[in-house]
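Working notes, structure below.
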Amino acid sequence: MLPFPGPSSSMEYRHDVDVEELCPVCGDKVSGYHYGLLTCESCKGFFKRTVQNNKKYICAENQECRIDKTQRKRCPFCRFQKCLHVGMRLEAVRADRMRGGRNKFGPMYKRDRALKQQRKALIQASGFRIESSPPVVSSAHQRDFTCTGGLHPDPIFSTIPLTTAQNDRISYQPPSLCTLLPSNSPGATQYQCTSFSNWTIKSEHTNICTSSPRSAAGIYIDSDKVYSRPFSPHGPRMPQLVMEFVRCDTDELQLQNKITARLQQEQSSWEKHRNLSTFGLMCLMADQTLFFIVEWARRSIFFKQLKVTDQMKLLHSCWSELLLLDIISRQVLNSKEDSVLLVTGQEVELSAIASHASPTLASLVQRGQELVERLTILKVDREELACIKFLLLFNPDVKQLEDHPFIERVQEQAEGALLEYTLCTSSQYLGRFSQLLLCLSELRSLSTLAEDYLYCKHLSGEVPCNNLLIEMLHAKHSWA
DNA sequence: CTAGCCTTGATC
DNA sequence: GATCAAGGCTAG
C-alpha cells in the first residue's frame, strides 16, 4: 500500500526570488505593477494607449469576448473592459505625461508585495509539499495498446453498440477526448465584463494609500487589493480567483438531469446486447460524469488558454482524481452517513455495498468514507472544493507539457487563492489550509488505487467499453 | 495597433 | 546608487 507518494514525485514550493504570476487581464506573464496591479507588459501598454489617447472601441460581438494571451488583440473594447474590471486605475495614467518617478500607488504596491511575501513565508513555514500522483508501476498498466483510426463524431450521443473488453483490446478506439476538447462553442463561457457605463472608480480607491493598514487573524491583508469583489458587492469578501473558480463549476442539478437522461439512453442501447451489471452501470455513470468533467475543464479559466495537447495531457493525468473528488464532494455536501449519493440523485446503502464488494473494493470504499468524514469535519465548502479541482487539474508534474511554466503558475495561483480563502474564512487559518492539502494527498493516493482497481476490472471484461472511461484508463500509460 | 525594449526620475 | 513604475520608441 502506498499511502503517500514518494519524495521524487512531490512538488515543493520553490523559493524563487520573483514569484511568477499571471496577468489578470490576459494570463500572460506579469512584468510588474502597472496602473494599480500586477499585469503583463502588453496590457500595460494597451491600457496606457487607450487612456492617453482617449480611445473609444466598439465590440463586434456581445461585449463579452474572451480575453486571453492569444485573443487579446481581437477585441480592444472587451480588453479595456477587463482591464477596468480587474482593477487597473485610470488615474495612474498621467495627464501631464511626466516620465519617471513614483506615484501615489507606490505604497500600495509595497504593501501588496509585503502581503505576497508574507503568504509565501507562511506556506514555507508550514512545510507543505503538494503531493502528486506517483508514477503508476502496476504491471497491469505496462501493456502496450495500439490505437487504430476511426473517431466518433459525437461521443456523448454515440449509439454505437458497446463491445466486450476482449474486442476492445484488439481494436481500441483512439482518444475521443481529443474530439471533445477543441473549443467549438465560442461565447458559451466567456469572462463576464461589466459594461463601462456601470463601472465607477470609487473615491475610496484613491485614498487607499493613506488609509491605515488592516489586519485579519494576525495576517496583514490589503483587502482592497486582494479581495475586490465585482461580482457580488454585498457578499463576504473573498479572493477573486476563488470566485472565478466557483463560477466555472458545473451546476449539480443540471448535471444530475443530463446524466440521468444519458444513462437511460446508454442503458437501453446496452441492454439490446446483454444485461448490464450494477458495476457496469456505475462505470457508465462514471463515464458520463467524465464527459462533464471534460466540459468543466474546457470552459474553465486558464485551461481554455492551453493548447489541446496540454489539455489532454492534464486531463489524462488527473481524471480519476477529479472523478473521485466529484463523488466525494457529493457525499460531503449532501451528507447522509449510511448511504452513498450517486450523481443521478439515487442513494445506495453503504451496508449493501459492503456486503457485495470484494475486499479491494470494500477497502477503497472504506478509505473513501474516511476521507468524506475528514472533509465533513472540516466543513469543506464549495469554494475550497473549486480550488482543489484546479489544484488537481493544473498538475505541473505531468510530463512533457508544452506550456509547463504557465501550468506551474496557475498551480501557484490556485494554491495562493485557497490559502487566502482559508485565512479569510477560518480562525485556525494555516491549520485549515494544511488539513485541506493533506486531504488532497489522500485523494490522489486513493484515486491511484481506484484506477488500478478499475483497470483490473477492465481487463477482466467487466467495464463497458468504447467510452471515455476506457480511454482514460488506457491513456495515462500510453503517454508514458 | 501591438508589444517588447528603452529612458526617465522620485523614492528608498 | 539601486529600484521600478511611469512614459517613449519602434519593428513588425
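Each chain gets a letter, A, B and so on, in the order its sequence line appears, and its residues count up from 1.
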Per-nucleotide protein contact string for nucleotides 4-12 of chain B, where B marks a base within reach and S marks sugar-phosphate only (heavy atoms under 4.0 Å, - for neither): BB-BBBBS-
Once you apply a heavy-atom cut-off of 4.0 Å, does A:Arg79 come out as touching a base, just sugar-phosphate, or nothing? sugar-phosphate
Rounded to the nearest angstrom, tell me the gap between atom CZ in A:Phe47 and atom P in C:dG7. 10 Å
For A:Leu38 and C:dC4, what is the distance between atoms CG and P respectively, to the nearest whole Å? 12 Å
Aromatic plane relationship, A:Tyr35 with A:Phe47 - under 30° parallel, 30 to 60° tilted, over 60° perpendicular: tilted
Between A:Tyr109 (side chain) and A:Leu37 (backbone), is there a donor-acceptor pair under 3.5 Å? no
Please give, in whole Å, the distance from B:dT2 C1' to A:Gln71 CD? 16 Å
Can you pull out how bent the helix from B:dC1-C:dG12 to B:dC12-C:dG1 is, comparing the axes over its first five and last five pairs, to 10°? 10°
Regarding A:Glu442 and A:Arg374, does a basic nitrogen lie under 4.0 Å from an acidic carboxylate oxygen? no
Mind calculating the distance between OH (A:Tyr33) and P (C:dG7) to the nearest angstrom? 18 Å
Is A:Gln52 near enough to C:dG8 that one of its side-chain N or O atoms lies under 4.0 angstrom from OP1 or OP2? yes
Do the non-hydrogen side-chain atoms of A:Leu241 and A:Tyr421 ever get within less than 4.5 Å of each other? no
Is there a side-chain contact between A:Arg66 and A:Lys304 (heavy atoms, below 4.5 Å)? yes
For A:Tyr57 and B:dC1, give me the distance from atom OH to atom C1', rounded to whole Å. 9 Å
Rounded to whole angstroms, how far apart are OH on A:Tyr35 and C1' on C:dC4? 13 Å
From CZ of A:Phe105 over to P of C:dA5, roughly how many Å is that when rounded to an integer? 13 Å
Cationic N near anionic O, under 4.0 Å, A:Arg409 to A:Glu412: no
State whether A:Asn103 places a side-chain N or O below 4.0 Å from either non-bridging phosphate oxygen (OP1 or OP2) of C:dA6. yes
Can you tell me the distance, in whole Å, between the CZ atom of A:Arg74 and the C1' atom of B:dC1? 16 Å
Cation-aromatic face contact A:Arg79/A:Phe46, 6.0 Å, 45 degrees: yes
Side-chain donor or acceptor of A:Glu41 paired with backbone N/O of A:Val30 under 3.5 Å: no
Taking the side chain from A:Lys82 and the backbone from A:Val25, do they hold a donor-acceptor pair closer than 3.5 Å? yes
